[in-house]
Every structure is written in C-alpha cells, then in structure tokens.
Participant: 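Pasting a structure here, questions to come.
Note that the structure is predicted; figures quoted are calculated from it, not measured.
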Amino acid sequence: MTADVRAQAARVLAALFADQGSLAKQLPLVEGKVRERDRALLRELCYGSARTAPRLQLLAQKLLRRRPADREIEALLLLGLYQLEYTRIPDHAAISATVNAARELGLDRATGLINGVLRAYQRSREQLQRKLSGNPQFSSAHPDWLWRRIKAAWPDRAGEIFRANNASPPMTLRVNSGKISRNDYLHQLQAAGISATPCDISPVGITLAQPRAVDQLPGFNEGLVSVQDESAQLAAQLLQPAAGERILDACAAPGGKSCHLLEQQPSIALSALDIDEERLDRVRENLCRTRLAAELICADATEPAAWWDGQLFDRILLDAPCSATGVIRRNPDIKLLRREADIAELADLQARILRAMWPLLKPGGSLLYATCSILPAENAEVVAGFVAEAEDASDNTPHTLNGALWGEPQIAGVQRFPQPDGGDGFYYALLSKAE
C-alpha cells in the first residue's frame, strides 16, 4: 500500500527539525513509499517548505498561541502554509489533504488545530503579510542570524544573495576533456534535443536550460560528463596539476574535484582523504564511473601522523568543511540545520586542518583552500590569519581566469557569489610555499 505524500513530507521535515539529518539523507528513506507519480510533489513539498521555512515559521507563530510540541504537527502546518502560499493547488484541496495527512500519521487530535490555522491564514493572508513585511527574516526567507551575517559582510550584495539563495539552481555539467571536447559534447546534447550553453569561466562547463535525469545525458555512464557546479569546477583550473605530480585532495568526498584533477592530468598520483567512510564510498562510485583511479584514505585531516607516509605532496586541495552558505539554493535545509554558533566552530576546524596540511606540502608547492561558504569568518579571515602566522606562506590567488574576473578579491583569496543562472557561492585561496 502506498503512503500519503504529505504525511511522508511531514516526516522528512520533522526529522530536519530534530537534527536527524539532511534532505539528502531523509528523502531517499521515504521516496519509495509513495506512488511514483507523487515523487515530484514530495520533493517540491520538502524542498519548497525548507526553502521558505523562515517565512512560514513566522506566519505560524502569528497564527498560533504556542509552538506545537509535536514536530510532525509543526511540519504539517508549514506544509499546509507552503501549499497555500506557493503552489497552484486549490486552497480547499491543500487544506483537506494536509488534514488527512495528520490522520495518516496518527495525529487525529491535531486535525482541528491544523484545519483552523490554515483556514485562519486564508482569511487573514494579506493582513499578516503586511504586518510581517518589515521583518527581515520574512522578507529574505533567511533565519535572522544568517540575514544579519550576510548583510554585515556584503551590504551591497545582500539582496542579490538572498534572491539567488531562494531560487532553483541551474544544472551544470563538467565535460571530461580527456574523452571529448566541450563543443563535441554540446553537439551530442543538441542531437538528443537537450538545450545547453557553455559556461563563462570554466572551459569544460555546460549549463542545461532545464535539469535532466543523468540517465538522459549522452555518455554519462561512460564518464563523458559529470554533474558539477561551475564554481566547483574552478578548483582544478586553479590548482593546475602537472604530469606525474603527487597530489592530496583533503576532505575529498563526494569526489567531483578528485575526478576533475585526474581528468585534467591522468598521470598524477592522487590521494583522496576523507574522515567519513560512507562519504568515501561516493568517491569510489565517481572514480568507478569515470574509469579513474586514486588512493583512498579514511582518516582525520587534523591528525596526519596517523595516516601520512612522510612523502611530501606537490599540491594539496583543501576543500574544507564549512557552513555551505554558498549552496543554500541546492540545500535549502541549511536554513533549518545550521546555527550561528556553528560558524566559529567551523572556522576553528578549518584553521586546524589548514595548519595540519601545510607541513605535508613541498617547498615551492601550492595549496588551494576552498569552501562553498560566503561568510568571511570561514574564508578570507581564516586564510589571512594563517598567512600572517606562517612565514613560508603567501597568497597567490589569481584575480582573472581565462582573461575574465571570476570573483571578488578579498584580503586573501577570491569570493564568488551565487548567480541566478551561473555558479554557486564559493571561496578559493591559492597559497604558495616558499622554496
């Protein structure tokens, strides 16, 4: 028997409220329980409700005397408000279906509350929205702490960042230039009836006009292309691996950058390091599909004495753990999962990993520090602090790639911001070690 799509969406959201994992982890657990034709709706309800949760939570607060103790009831309320506010589902159908979902979850006691709150919103929608219009959390659809951080860091760009974060992201491909040229692959897409354009900065990037399932992409299973955002594709271009070099990809999962480095220079000796064995399996899968090989190491990057063989690396890619505030449009659950206190903890971890990696680099070598964050506390401040304390480190991040500006130069490194039809928010700093 198939399960109710809204009931399953409520279970996913309730798990997010309880810090039991991300959408990427929770959705696969319930997708198989609903009818195949309902899976697109399931994804829209989950992703859409997470993306707009800061707004929906404020609306719910105005409509309730107190926050429900049961997380599934809270999730159902947000799902109902999302349908009324953002979908074309008729109001009466959205309310009825959400109330029925409560029954499926065994929450009969809450049906009156859910029905009453959603109908109250129907009646007072315009009044509530006017009352909340001056609230930054409501207008930006970002939690208050993140709104403050972004406004403080990027006062002239904040509106643009909020709009990009709240939009659906483009689907971008990375062409394996060792197997096919970008132009030739664009012709294959055209022959398959798939509209696409070349990326502006990445020489191997292609953006699709509309997202597609990977099994519809010509040559995907043969490794002709991979799905990877344009900003993430710049790592290999910035690091510039040379033939035969020994290279470390620290914090490598899911392995897109490892594969790109190997596609660019198949003769390198690449070690891919990650602390999570389950995430390292994703690296294995990507290497297998692209017919590439690397040494995989499951270990803690902050403790190289436990795994390093003592041989120095020519180049190191450090894709540091971060808040992922540059990829919120792809992972809107960040708005629910991330806390302001996380930023200082992440910055401390990033600095510790950077200090641990530096002694593993040869004199004259390069280390590329990268995050998918747009917060300076995790980016330029970490790198500038490290360069100031390390006598043999210098920032040599190029400000142009392929003859064009590719981001905004900082006190150290370069920051990219999420673009509506372009790359995600990303930070890079290319550090050189003195001879």
Participant: Looking at R157 and E160, does any basic side-chain N land under 4.0 Å from a carboxylate oxygen?
Facilitator: yes
Participant: Return yes if a side-chain donor-acceptor contact under 3.5 Å exists between N286 and R282, otherwise no.
Facilitator: no
Participant: Check the side chains of Q26 and R11 for a donor-acceptor pair under 3.5 angstrom, ignoring hydrogens and angles.
Facilitator: no
Participant: Assess the side chains of T197 and T207: does a donor N or O sit below 3.5 Å from an acceptor N or O?
Facilitator: no
Participant: Provide the closest heavy-atom pair for A236 versus Q264 in the form atom of the first, atom of the second, distance.
Facilitator: O-NE2, 3.2 Å
Participant: Please report, to 0.1 Å, the donor-acceptor pairs under 3.5 Å made by any side chain of residues 219-227, with sequence neighbours excluded.
Facilitator:
from : atom 1 : to   : atom 2 : distance (Å)
S226 : OG     : R174 : NH2    : 3.3
S226 : OG     : R289 : NH2    : 2.7

Participant: Is the charged tip of R55 near the ring of F138: under 6.0 Å from the six-membered ring centre and within 45° of its axis?
Facilitator: yes
Participant: Salt bridge or not between E408 and R416? Use side-chain N to carboxylate O under 4.0 Å.
Facilitator: no
Participant: Got a sec, which residues hit salt bridge (charged side-chain N to carboxylate O under 4.0 Å, His left out) with E295, two or more places apart in sequence or on another chain?
Facilitator: none
Participant: Could you work out, with side chain to side chain donor-acceptor pair (under 3.5 Å) as the rule, every residue matching D319, not counting sequence neighbours?
Facilitator: K257
Participant: With distance as the sole test, does R67 use its side chain to make a donor-acceptor pair with the main-chain N or O of L64 at under 3.5 Å?
Facilitator: no
Participant: Take S231 and D424, measure what side-chain hydrogen bond (donor to acceptor under 3.5 Å, both in side chains) needs, and give me the verdict at the end.
Facilitator: CA-CA 6 Å; S231 294; D424 291 334; over 6 Å; no
